[in-house]
Protein chains: 2
Amino acid sequence: MRRQQLIDATLSSVAELGLKATTINSISKRANLSSGIISHYFGCKNGLIEASVRYLLSSLKTELLSSVEDSASSQQRLMLIVEANFSVVQKNAHVTKTWLSFWAESMHDEQLHRLQSVNAKRLYTNLLYSFKALMPKQKAIQAANYSAAMIDGLWLRAVLSKADEFEFSKAEELAKQYVNSLLPSH
Amino acid sequence: MRRQQLIDATLSSVAELGLKATTINSISKRANLSSGIISHYFGCKNGLIEASVRYLLSSLKTELLSSVEDSASSQQRLMLIVEANFSVVQKNAHVTKTWLSFWAESMHDEQLHRLQSVNAKRLYTNLLYSFKALMPKQKAIQAANYSAAMIDGLWLRAVLSKADEFEFSKAEELAKQYVNSLLPSH
DNA sequence: TTTTATTGATTGAACGTTCAATATAAAAAA
DNA sequence: TTTTTTATATTGAACGTTCAATCAATAAAA
């Protein structure tokens, strides 16, 4: 319970102030707790940061699993993958900035980089699995690579331009159209 | 001369340590200069950071202008735009990490965000200009949007996966193929 | 001589971590 | 049930470190 409280406060602080300006104090103040409690539950500040990233990643995974399991067609599954990658964000608009901060930091933090790497590969693997059911393997590999890049690219440009919710859903729509355009029926 | 020396040292430090861990000392040590000299030439640390971003952006602009001016066809021009966006990086492999750091920070720094915004729009505008010469305006707008996202997406995924030079040029090749696939001849 | 460039020690603020002290809850004993 | 003991949760002040910024002193150039 306290752990979740602190993780929420961390995400909020990173979203508002950035990772650089997020301190033990900015976090504990938001959680209405003392500064010492962080080391009690997470060992050190970095432990809390990593736990927060893990929480974001598992949210994305849960989002995907809960929606995909009962979907029939491969095409529907592809649409749900796109939706999941945009929706974690739409629920909490400020979380987008947080992702970007963590991604940048992952270039200089071994632990974070492993987490980010798992996430990037999961998007690719999920896409590949569905494409494979719809086209030859070689074509599917290319489609998965392009789709992953397009999803990330549209997402990134929306975040960087500080897009509002409407522009975000427009980016999501573009991503879906692109994935659809790769299907054999087109 | 001192200014450029300090900018180079800043880019090197941000690439190696990240923006968070880059300090007045880590910069001045790399430049073999004293710590005080930074405020003399740039006012404060942030002034130097911004000057470094400006330098990166102007490098990209120069790269583009110098190669594009004497190119004839619109298709060639599109390929050169893609190349320019990947090449700034290939010259100095470590600069990629720097871009990502600055992008993340731009979410919480008004000045940096304006610079980043100019850059994002320039990519779009350049693409749009060339696409317009090859197809109806409405189609060109869509092509430019998709191409910008694909270029950024392929670039981002290459950076985050710590791709080597070979994988980077493969990403560049994919970007070119995608842009080509949007042309009417296909 | 006057101006400009450069140094590096100094300063005070802010940081993450530690830890003795206190509060709360749970378990054991009366 | 009440009392005592033990374990856990939580606080916030104190500590040592690191940071950006400042500035008097020195060197170089004009």
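Computed over heavy atoms, backbone and side chain alike; hydrogens, waters and symmetry mates excluded. To find a chain, count down the sequence lines: A is the first, B the second, and so on, and within it residues start at 1. Bear in mind that the values here come from a model prediction, so they are computed numbers and not experimental data.
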Participant: Please report, rounded to the nearest Å, how far the P atom of D:dT8 is from the CE atom of A:M1.
Facilitator: 19 Å

Participant: Distance-only, no hydrogens or angles: does the B:R3 side chain make a donor-acceptor pair with backbone N or O of B:Y41 under 3.5 Å?
Facilitator: yes

Participant: Tell me: CZ of B:F42 to C1' of D:dA21, nearest whole Å?
Facilitator: 16 Å

Participant: Counting only pairs under 3.5 Å, give me each side-chain donor-acceptor contact of residues 131-152 of chain B, with atom names and distances, residues two or more places apart or in other chains.
Facilitator:
| from | atom 1 | to | atom 2 | distance (Å) |
| --- | --- | --- | --- | --- |
| B:Y146 | OH | A:L174 | O | 2.8 |
| B:S147 | OG | B:A143 | O | 2.8 |
| B:D152 | OD2 | A:R157 | NH1 | 2.5 |

Participant: Taking only residues two or more places apart in sequence or in another chain, which ones pass salt bridge (Lys or Arg N to Asp or Glu O under 4.0 Å) with B:E16?
Facilitator: B:R30

Participant: For A:N180, enumerate each residue passing the side-chain hydrogen bond (donor to acceptor under 3.5 Å, both in side chains) test, keeping only those at least two apart in sequence or located in another chain.
Facilitator: A:Q75

Participant: Please identify each residue that fulfils side-chain hydrogen bond (donor to acceptor under 3.5 Å, both in side chains) with A:K176, with sequence neighbours left out.
Facilitator: A:E83

Participant: Would you tabulate the nitrogen or oxygen pairs shorter than 3.5 Å linking the protein to nucleotides 25-29 of chain D?
Facilitator:
none

Participant: Could you work out, with side-chain contact (heavy atoms from CB on, under 4.5 Å) as the rule, every residue matching B:S67, not counting sequence neighbours?
Facilitator: B:L80

Participant: Is A:K29 atom NZ crowded by more than 12 heavy atoms from other residues, nucleotides or ligands, each under 6.0 Å away?
Facilitator: no

Participant: Output the residues of residues 14-24 of chain B in contact with DNA chain D, where contact means a heavy atom of the residue under 4.0 Å from an atom of the strand; sort by number or write none.
Facilitator: B:T22, B:T23, B:I24

Participant: Sequence neighbours excluded, which residues qualify as side-chain hydrogen bond (donor to acceptor under 3.5 Å, both in side chains) partners of B:N25?
Facilitator: none

Participant: Whole angstroms only, please: what is the OH-C1' distance between B:Y41 and C:dT7?
Facilitator: 13 Å

Participant: Give me, pair by pair, the N or O atoms of the protein and of nucleotides 11-14 of chain D that are less than 3.5 Å apart, along with how far apart they are.
Facilitator:
| from | atom 1 | to | atom 2 | distance (Å) |
| --- | --- | --- | --- | --- |
| D:dT11 | OP2 | A:S34 | N | 2.9 |
| D:dT11 | OP2 | A:S34 | OG | 3.2 |

Participant: In whole angstroms, how far is the P atom of D:dT22 from the NZ atom of B:K45?
Facilitator: 15 Å

Participant: What is the distance from CZ of A:R3 to C1' of D:dA9, rounded to the nearest Å?
Facilitator: 14 Å

Participant: Are side-chain heavy atoms of B:W155 and B:E172 found at a separation under 4.5 Å?
Facilitator: no

Participant: In whole angstrom, give the distance that lies between atom CD1 of A:I49 and atom P of C:dC15.
Facilitator: 13 Å

Participant: Quick one: do the B:S13 and B:S26 side chains pair a donor with an acceptor below 3.5 Å?
Facilitator: yes

Participant: Kindly write out the residues that satisfy salt bridge (Lys or Arg N to Asp or Glu O under 4.0 Å) with A:E173, not counting sequence neighbours, or none if the list is empty.
Facilitator: none

Participant: For residues 106-127 of chain B, run the donor-acceptor check on the side chains, cut-off 3.5 Å, and write out each pair with its distance to 0.1 Å, sequence neighbours left out.
Facilitator:
| from | atom 1 | to | atom 2 | distance (Å) |
| --- | --- | --- | --- | --- |
| B:S106 | OG | B:W103 | O | 2.6 |
| B:H108 | NE2 | A:V14 | O | 3.4 |
| B:H108 | NE2 | A:A15 | O | 3.0 |
| B:H108 | NE2 | A:G18 | N | 3.4 |
| B:D109 | OD1 | B:Q111 | N | 3.0 |
| B:D109 | OD1 | B:L112 | N | 3.2 |
| B:D109 | OD2 | B:N46 | ND2 | 3.4 |
| B:Q111 | OE1 | B:R114 | NH2 | 3.0 |
| B:H113 | NE2 | A:L160 | O | 2.8 |
| B:T125 | OG1 | B:K121 | O | 2.7 |
| B:N126 | ND2 | B:R122 | O | 3.3 |

Participant: C:dA9 C1' sits how many Å from B:N25 CG, rounded?
Facilitator: 12 Å

Participant: Specify the angle, to 10°, made by the local axes at the two ends of the helix from C:dT1-D:dA30 to C:dA30-D:dT1 when five pairs are taken at each end.
Facilitator: 0°

Participant: In whole Å, what is the span from the CD atom of A:Q5 to the P atom of D:dT10?
Facilitator: 9 Å

Participant: Between B:I37 and B:F42, is any pair of side-chain heavy atoms under 4.5 Å apart?
Facilitator: no

